[in-house]
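In this text, all values refer to a predicted model and were calculated from it rather than measured experimentally. Only this structure's heavy atoms are used, side chains among them; waters, hydrogens and symmetry mates stay out.
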Amino acid sequence: MSSTETDVDTRITEEQDHLDKVYARLDRMRANTQRRLSSTLRESGGTPQARSERESYERMYTEDLSKFDAAEHNLYFGRLDLDDGETRRIGRIGILDDDAADTTLLLDWRAPLSRPFYLATPAAPEDVDRRRHVRTRSRRVRAVNDEFLTLGEASADDVGHGDVVNENALVAALNAARTGEMTDIVETIQREQDLIIRSTHRGVTVIQGGPGTGKTAVALHRAAYLLYTHRDILSRSGILIIGPNDDFLTYIGQVLPSLGESGVLLSTIGDMFPGVHATARDERDAAAIKGDLRMVDLLKRAVRARESLPSKPVPVEFDTYQVMIDSALVKEARAKARSTRKAHNLAQPAFLRAALDGLARAHASTIGSSLLDGSQLLSGADIADIRDEMSHDPEIRRALLRFWPTLHPQEMLRDLYADPAAVRKASPGWSDTDRTALQRDTTFRQNDGSDFSPADVPLLDELAELIGFGTDDAERAERERWRRQLADAQDALDILTGSAPQDLEDELDPEILMAYDLIDAEQLAARQTETQRLTTAERAHGDRNWAFGHVIVDEAQELSAMAWRMVMRRIPNRWMTIIGDTAQTGDLAGTRSWGDVLRPYVAERWQLRELTVNYRTPTEIMTYATRVLTHINPTMSPPTSLRSNGIDPIAVRTDVDARGKVAQRAATRPGLAGLTAIIVPHRLYDEMASAVPDDAETSPRVLTVGACKGLEFDNTVVVEPAAIIADSPLGHSDLYVALTRATQRLTVIHSEDLPPELGDMTAEAPDAW
């Protein structure tokens, strides 16, 4: 055995000894937490406060166990030897030695003392003499790799390339086969990424980066870092991460737990309105119109149109008299309600008070003039009594509320879409084409809101603001209504209880509940809200009025102006991380300029950070993607691909009738390893999906460009790039997205001529496999 091999074995043995200590401590931590959880679960009964505390501990211990389980994989991955002799070992979570309280077995990767692991270079060593990368699997150390950052000791292999840290581990991770779930980059964070992850900026940070630059990974690691650094604030207010689609959220779902965090709410735009899971699909033009800021004025006019006037007097019976609700009375009440400047539903009490006051005065005048002497004998107190009596008359209330009804966002938006006349009235100056795009059949209404599209959700949120639905004031009003209901019910039960024969009660089995026992139990249940048992993320998910401590928006270039209004309501402190690439904007209502989006909310108080290295896409593929980028915006610089894999993209020409079968064969060709996707134009999705066997275990996935945003695959088969361009005015942006999803191999299938940017792609016959 050579001296070099002996040295490697010695280093592996040294790190294995330490790893054994780390896992032994982790196992003790897990066992102690499990015992505490079991003890907590055995407790029962007690006061509501005691039950709430027990549930809080149960949640805490369960989250700790989940964190330990998630951190199990590659728990220890790095070591720093400083020039003063200090040694620091870096891992996914921090672990102290229980035998020596002042000894740290493992530093959390987010701790300040861990930062040189990601920043140190030979040019700026950060007091680091040696950085060691430790590769483990199944609790065993498999390899170690040392980088000497003191140039006098470093060899060319040790130094690596520029700012690339742990290049061997990084390239291995990039070449590894994809699994359909995103993996964290905690072992291979690069300098430009770390500077963003640990940024102390408390305003809006925009991370602009081309395909494969690690934007999403940086955002997720930033979320974990912020929760670690600002836990006192963010554990209460939470972090919201918004992604482009459900597939994307599934793809990234395991990253945060593996980084030691789980208390983050992941959502799409389509899920941001409580009670609505928007899955319907809009045509591009309809989605663009719904995302336009013109919709704000349209919705305002639509709400005001529901504050109507009677076309003729409405008679209502009251106390053997007929009272008339006419236009003058309603108009005066409407003016007083609007003068409160409150949202529609919240102004309804003011409308009712004013209308009832006018109705009571009119009725007092009527009955006063009918007295024998014809004089007005009714006092102000008499009129107040009449008004109070009218306020409890259901017929009068119902008649008045026809002209100022209680509105609900879902019902109102559906009614608006189904009523061309209402849309026309609310949209002066619009073209008939734009108005028609908003019309749709609302016959099939779904309780979960799945009949809405993601573009409808910001409109529901806007309506909720205009109506006063789901606001703090509305919640207080609802609680007050509930208290009145309980009081009325209790009064009725008291009467019932008082009228029950005492001897009957004495004869009853004490275990049998009386009616008043049930109402008492219900009152107690009403006070003990479910929110006490929910995590911060779970509470925030059901509360449209929740103010998050930090919001991260991924694929942010796809958000419309209306969507940005909804997002900004969730983050009043404007502490945000926005991730995107304006060259990849595919939505017609999407973002083309970060400044245009942000200035209405933060003026110039935002910073732009750029990622410039493409870790995903090999040079061979990026060559063609760069040409498409030049067509999109000649001033934009493409990210620099870190690697070349020697696999040139190929183009396969075939007949229209055969392209589905050819695409399927291309995606399952012999020797093809890893995860494969077939990316198709929107209008060809049904055709291509039917050509691919529906076997989730072995078949490649068929995705539109919109559905593959944010995802990556080992191999991609892009079908009809010319049709992708023709599908939309932003078709070149869609093609840019499609071409940059692969980490290894790109195949293009086409019956139409290739776009000029791909014209010289290597041709291959369809039967070559």
Side-chain angles (χ1 to χ4, degrees), residues 110-112 115 189 192-209 214-244 249 252 255-256 259-269 271-272 458 461 465 472 535-541 543-559 561-581 591 593-611:
R110 297 166 289 188
R115 197 172 190 190
I189 293 171
E192 70 171 5
Q193 297 171 328
D194 188 80
L195 291 173
I196 296 171
I197 290 169
R198 299 176 195 258
S199 170
T200 59
H201 183 62
R202 291 294 292 264
V204 176
T205 297
V206 176
I207 305 173
Q208 165 81 28
K215 298 184 297 296
T216 298
V218 168
L220 295 174
H221 288 67
R222 177 157 173 75
Y225 171 77
L226 291 176
L227 281 165
Y228 175 87
T229 307
H230 303 283
R231 189 168 299 279
D232 55 333
I233 299 172
L234 296 178
S235 62
R236 296 190 302 273
S237 58
I239 291 180
L240 169 65
I241 297 179
I242 301 171
L249 297 185
I252 69 172
V255 173
L256 283 166
L259 298 174
E261 297 297 345
S262 58
V264 174
L265 177 61
L266 304 179
S267 180
T268 64
I269 289 294
D271 284 325
M272 284 183 63
D461 201 68
E465 288 292 306
D472 287 342
T535 65
T536 297
E538 288 167 336
R539 294 200 308 275
H541 179 67
D543 186 353
R544 194 190 71 83
N545 206 48
W546 190 274
F548 288 92
H550 192 82
V551 168
I552 294 173
V553 187
D554 205 346
E555 298 293 337
Q557 75 277 354
E558 300 303 321
L559 267 61
M562 292 300 296
W564 280 113
R565 285 174 66 88
M566 176 174 67
V567 170
M568 291 299 179
R569 291 188 188 108
R570 306 302 193 271
I571 185 70
N573 69 6
R574 300 293 191 260
W575 189 16
M576 304 177 70
T577 303
I578 295 171
I579 305 102
D581 179 13
T591 298
S593 164
W594 299 119
D596 290 349
V597 164
L598 295 173
R599 285 189 193 102
Y601 304 102
V602 297
E604 301 298 330
R605 298 186 303 277
W606 60 281
Q607 66 171 4
L608 176 67
R609 307 292 292 271
E610 293 194 66
L611 294 172

Residues passing the salt bridge (Lys or Arg N to Asp or Glu O under 4.0 Å) test with Arg609, sequence neighbours excluded, are none

If you take all heavy atoms of His221 and Ile189, which pair is closest and at what distance? CD2-CD1, 3.9 Å

By salt bridge (Lys or Arg N to Asp or Glu O under 4.0 Å), Asp554 pairs with (sequence neighbours left out) none

Please confirm whether the backbone N or O of Met272 pairs with a side-chain atom of Arg544, one donor and one acceptor, at under 3.5 Å? no

Not counting sequence neighbours, which residues clear side chain to side chain contact (heavy atoms under 4.5 Å, CB included) with Pro458? List them please. Ile269, Met562, Ala563, Met566

Between atom CG of Asp271 and atom NE2 of His541, what is the distance when rounded to the nearest 0.5 Å? 6.5 Å

What one should report as the nearest heavy-atom pair of Ile578 and Ala556 is CG2-CB, 3.4 Å

Ring pair (Phe, Tyr, Trp, His ring centres under 6.0 Å) against His230, all qualifying residues, sequence neighbours excluded: Trp575

Less than 4.5 Å apart, any side-chain heavy atom of Leu265 and any of Phe548? yes

With sequence neighbours left out, write down each residue that passes side chain to side chain donor-acceptor pair (under 3.5 Å) with Trp606, or none if nothing qualifies. none

Under the rule for side chain to side chain contact (heavy atoms under 4.5 Å, CB included), what residues qualify as partners of Ala111, not counting sequence neighbours? Leu107, Ser114, Tyr228

Heavy-atom side-chain contact between Ile207 and Gln193 under 4.5 Å: no

Any donor and acceptor pair, going by atom type alone, linking the side chain of Arg574 with main-chain N or O of Arg202 inside 3.5 Å? no

So which heavy atom on Ala219 is nearest to which on Ile579, and how close? CB-CD1, 3.2 Å

When rounded to the nearest 0.5 angstrom, what is the spacing between CG in Leu234 and CG in Leu227? 5.5 Å

Any donor-acceptor N or O pair under 3.5 Å, side chains Thr577, His550: yes

Hey, what do you get for CZ (Arg570) to CG (Asn545), rounding to the nearest 0.5 Å? 8.5 Å

Value rounded to 0.5 Å, distance of CD1 in Ile552 from CG in Leu240: 9.0 Å

By side chain to side chain donor-acceptor pair (under 3.5 Å), Thr205 pairs with (sequence neighbours left out) Gln607

Point-to-point distance, once rounded to the nearest 0.5 Å, from CD of Glu555 to CD1 of Ile242: 13.0 Å

Arg115: side chain to side chain donor-acceptor pair (under 3.5 Å) partners, not counting sequence neighbours: Asp194

Write down the atom of Arg198, the atom of Tyr225, and the distance for their closest heavy-atom approach. CA-CE2, 3.5 Å

Between Lys215 (side chain only) and Gly580 (backbone N and O only), is there a donor and an acceptor less than 3.5 Å apart? no

Does any pair with a residue in residues 220-239 pass salt bridge (charged side-chain N to carboxylate O under 4.0 Å, His left out), and if so which ones, sequence neighbours excluded? Arg231-Glu261

Restricting to salt bridge (Lys or Arg N to Asp or Glu O under 4.0 Å), what partner residues turn up for Glu558, sequence neighbours left out? Lys709

For the residue pair Val602 and Val204, what are the closest heavy atoms and their distance? CG1-CG2, 4.0 Å

Test of understanding: with side chain to side chain contact (heavy atoms under 4.5 Å, CB included), list the residues that count as partners of Val597, not counting sequence neighbours. Trp564, Thr591

Candidate pair Leu559 and Arg565, rule side chain to side chain contact (heavy atoms under 4.5 Å, CB included), full reasoning: CA-CA 10 Å; Leu559 267 61; Arg565 285 174 66 88; over 6 Å; no

Would you check, one step at a time, whether the test side-chain hydrogen bond (donor to acceptor under 3.5 Å, both in side chains) holds for Asp581 with Gln557? CA-CA 6 Å; Asp581 179 13; Gln557 75 277 354; over 6 Å; no

Do the side chains of Val264 and Leu220 get nearer than 4.5 Å, heavy atoms only? no

Drop me the distance from Ile241's CD1 to Thr216's OG1, to the nearest 0.5 angstrom. 9.5 Å

Mind checking side chain to side chain donor-acceptor pair (under 3.5 Å) for Arg599 and listing every partner two or more places apart, or none if nothing turns up? Asp596, Glu604

